[in-house]
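Sending over a structure as structure tokens; questions will come in a sec.
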Amino acid sequence: MEDVPALSLDAAYSALKSHDARFDGKFFIGVRTTGIYCRPICRVRAPRKENCTVFMRAAQAEQAGYRPCLKCRPELAPQRSLAVLNAVMASAAAKRFERVERTSVTQVAASLGVSPRHLRRIFEASYGVAPLAYALTHRMLLAKRLLTDSNRSVAYVASAAGFGSVRQLNAAFATHYRFPPSALRKRGTSATAHGANDVTINVRKPYAFAAMFAFFGKRALLGVEACSPDALVYMRTLALEYAGARIAGWVRVSKRSAARHLTLTVSDSLWPAIGVLLPLVERTFDVHADSEAIDVRLGALVSVPGLRVPGAFDPFELVVRAVLGQQVTVSAANQIAARLVAQFGEPIATPFAELNRLFPTPARIARLSVTELAECRIIRTRAQTIITLAQQCASGALDLSGAENVDTTVASLRAIKGIGPWTAQYIAMRALRAPDALPVGDVALYKAACVKTDAQLIAHLAPAQPWRAYAVINLWNALSL
């Protein structure tokens, strides 16, 4: 059984107050006054801190005499075990249904290697509803959101939300919501959208818009990304696997002058996958983090209120760029990555002169030799690391989707020659969305924190747990990195 590092009561209680799903399964809180233990996402009224006890495993809580909460149901928390447990399989199926693809229970069951009957049984046990009912709920919620926050026609919305026709959408709304989809438009709730392919993305306040766009701007990859921090506009090319096909296009994320939200603009080619793109953009711009709770925890480490941890549209792209960025400046890493894109990236036509390439896929890089990559002036040892990463991603041996436990993925990364603690934690911080990731060995962090060793850095940031990734981004921001 794997060892689980203990978490202080202060750190665990801060996470509990935020209800951040990224801590789900990482620990449990026992409440002495009730004799019940809960997941950190439990939505009941938070107990007093002095009445709480932290347990790293559910079994420890039960051994101490605590009963599982009937509301948050600790048995549904993500498992730490590497075994493919029923709850983990049900969660994987739920993620497929949440993508709002036109997929059947039979197809999802086949992809998981089980029978449709077994999938229905474990899914209903975990989520309390049948798989198709769960999928329908997510299709309807996406349709409601698009009808409210975009100006797309009802027909387009029906298609993007996975309905076969407007008639099916109308029937679903009539049955479940008791009003027609057009009623959302009649109420004028889509007034915030300005273009046919625009969708509003609300953010949790406070939000450091300028600092976030500045971060992306300093790292904009020539041909793939373009960012104007002053105008608060970020654009990029993107390819997605959706509904059994690969689709490619561009996305634009912006903040209009008087707005208190972000606007996502999507190319026509990517619009069918809007149900995937919306949560992807929300994760990349970290719009749901509870900055008030995080900033209170960080205290003097806060460089600007509401600063979030920038994520990644393409986890593989970020991993490659992290390897290229080892022991070099951000600018130098960008130049090396740009040569890689120019040589091996797939050309793409967009309305923007700055966007003309897709980042190379794992399959494309996996076929390259060290010599071919070295022609981009990449150090041969790093070239071999990148090829190994690509081969493992292409084969499925390395999963960067975040579906696996973060510690498991980090361990898999560390097992690859050329991936050290800094690289693995940087990937965990941005691609895997680990809120407590700490890229030790970072010279800039030493400078910003006024320390000289990893031990001193860890001690300096200990009060920031479980939000050390947010402390890191604030320290980098203080140095304008």
Side-chain angles (χ1 to χ4, degrees), residues 19-26 28 38-43 58 68-146 160-163 172 176 240-244 272-284 287-288 311 315 396 399-409 431-435:
H19 305 295
D20 194 323
R22 290 173 294 182
F23 294 105
D24 195 16
K26 297 291 187 181
F28 300 88
C38 298
R39 298 157 69 181
I41 62 168
C42 191
R43 287 289 174 177
C69 175
L70 297 180
K71 291 187 178 294
C72 67
R73 300 181 62 191
E75 71 274 13
L76 299 184
Q79 302 292 319
R80 285 188 168 276
S81 171
L82 296 179
V84 184
L85 302 177
N86 284 349
V88 175
M89 190 176 295
S91 177
K95 286 182 172 62
R96 283 288 304 275
F97 292 125
E98 288 167 10
R99 287 173 60 89
V100 198
E101 299 178 64
R102 292 177 187 172
T103 186
S104 66
V105 174
T106 300
Q107 290 171 319
V108 174
S111 70
L112 296 173
V114 298
S115 69
R117 180 180 178 183
H118 182 65
L119 178 60
R120 291 188 186 95
R121 181 175 60 81
I122 64 173
F123 197 94
E124 290 185 22
S126 293
Y127 289 89
V129 296
L132 289 181
Y134 185 89
L136 176 61
T137 295
H138 278 272
R139 290 202 303 271
M140 292 181 63
L141 289 174
L142 175 60
K144 185 176 182 293
R145 179 174 184 179
L146 295 176
F163 291 92
H176 295 273
L240 297 170
E241 296 294 329
Y242 184 77
I274 189 66
V276 175
L277 282 169
L278 280 169
L280 176 59
V281 173
E282 289 172 340
R283 288 193 302 271
T284 302
V287 301
H288 297 307
D399 182 6
L400 298 174
S401 69
E404 287 190 348
N405 177 273
V406 171
D407 295 334
T408 301
T409 305
L432 304 179
R433 311 302 299 139

- Supply the atom-to-atom distance Cys72 SG to Phe28 CZ, rounded to the nearest 0.5 angstrom.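 These two atoms lie 8.5 Å from each other.
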- Message: The criterion is salt bridge (Lys or Arg N to Asp or Glu O under 4.0 Å); which residues satisfy it with Arg99, sequence neighbours excluded?
- Response: Glu101
- Query: What residue pairs, at least two apart or across chains, pass salt bridge (charged side-chain N to carboxylate O under 4.0 Å, His left out) with a residue in residues 133-145?
  - Reply: Arg145-Glu282
- Message: side-chain contact (heavy atoms from CB on, under 4.5 Å) for Ser91 and Phe123? Distances and angles first, verdict last.
- Response: CA-CA 8 Å; Ser91 177; Phe123 197 94; over 6 Å; no
- Query: Are the side chains of Lys26 and Asp20 in touch, meaning some heavy atoms are under 4.5 Å apart?
  - Reply: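 With C-beta onward as the side chain, the pair stays apart.
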- Roughly how far, to the nearest 0.5 Å, is OG of Ser126 from CZ of Arg73?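 Rounded to the nearest 0.5 Å, the CZ-OG separation comes to 7.0 Å.
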- Student check: side-chain heavy atoms of Pro435 and Phe23 closer than 4.5 Å: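 Sidechains of Phe23 and Pro435: in contact.
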- First locate atom OG of Ser111, then atom CZ of Arg96, and finally report the distance between them rounded to the nearest 0.5 Å. 4.5 Å
- Query: Of all heavy-atom pairs between Tyr242 and Val100, which one has the smallest distance, and what is that distance?
  - Reply: OH-O, 2.9 Å
- Run the numbers on His118 and Leu112 for side-chain contact (heavy atoms from CB on, under 4.5 Å), then give the verdict. CA-CA 11 Å; His118 182 65; Leu112 296 173; over 6 Å; no
- For Arg283, enumerate each residue passing the salt bridge (Lys or Arg N to Asp or Glu O under 4.0 Å) test, keeping only those at least two apart in sequence or located in another chain.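 Once residues adjacent in sequence are excluded, Arg283 has no partner under the salt bridge (Lys or Arg N to Asp or Glu O under 4.0 Å) criterion.
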- Query: Under a 4.5 Å cut-off applied to non-hydrogen side-chain atoms, are Val129 and Glu124 in contact?
  - Reply: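 SC-SC contact between Val129 and Glu124 ruled out.
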- Task: For Met140 and Phe163, run side-chain contact (heavy atoms from CB on, under 4.5 Å): C-alpha distance rounded to whole Å, both residues' side-chain angles, the deciding distance at 0.1 Å, then the answer.
- Result: CA-CA 9 Å; Met140 292 181 63; Phe163 291 92; 3.8 Å; yes
- Message: Tell me every residue that passes salt bridge (Lys or Arg N to Asp or Glu O under 4.0 Å) with Arg433, counting only those two or more places apart in sequence or in another chain.
- Response: Asp286
- Message: Testing the basics here: between Ile41 and Ala21, what is the closest heavy-atom pair and its distance to 0.1 Å?
- Response: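 Looking at all heavy atoms of both residues, the shortest contact is CG2-CA, 3.6 Å.
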- Query: Is there side-chain contact between His176 and Leu136, with at least one heavy-atom pair below 4.5 Å?
  - Reply: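 Side-chain contact under 4.5 Å: yes.
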- Message: I need the minimum non-hydrogen distance between Ala160 and Leu146, along with the two atoms involved.
- Response: CB-CD1, 4.1 Å
- Message: Working to the nearest 0.5 angstrom, can you tell me the gap between Arg39 CZ and His19 NE2?
- Response: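 Separation between the atoms: 13.0 Å.
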- Residue set satisfying side chain to side chain contact (heavy atoms under 4.5 Å, CB included) with Glu241, at least two apart, ordered chain then number -> Arg246
- Please name all residues satisfying side chain to side chain contact (heavy atoms under 4.5 Å, CB included) with Ala109, sequence neighbours left out, ordered by chain then number. Val114, Pro116, Leu119
- Of all the heavy-atom pairs spanning Asn405 and Asp407, show the shortest one and how long it is. OD1-N, 2.8 Å
- Message: Please evaluate residues Leu278 and Leu142 with respect to the criterion side-chain contact (heavy atoms from CB on, under 4.5 Å), reporting the C-alpha separation (whole Å), side-chain torsions for both, the decisive distance (0.1 Å), and the verdict.
- Response: CA-CA 9 Å; Leu278 280 169; Leu142 175 60; 3.9 Å; yes
- Query: Relative to the ring of His138, is the ring of Tyr134 parallel (under 30°), tilted (30 to 60°) or perpendicular (over 60°)?
  - Reply: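 Tilted.
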- Hey, what do you get for CG (Leu141) to CD (Glu98), rounding to the nearest 0.5 Å?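 Going from CG on Leu141 over to CD on Glu98, the span is 10.5 Å.
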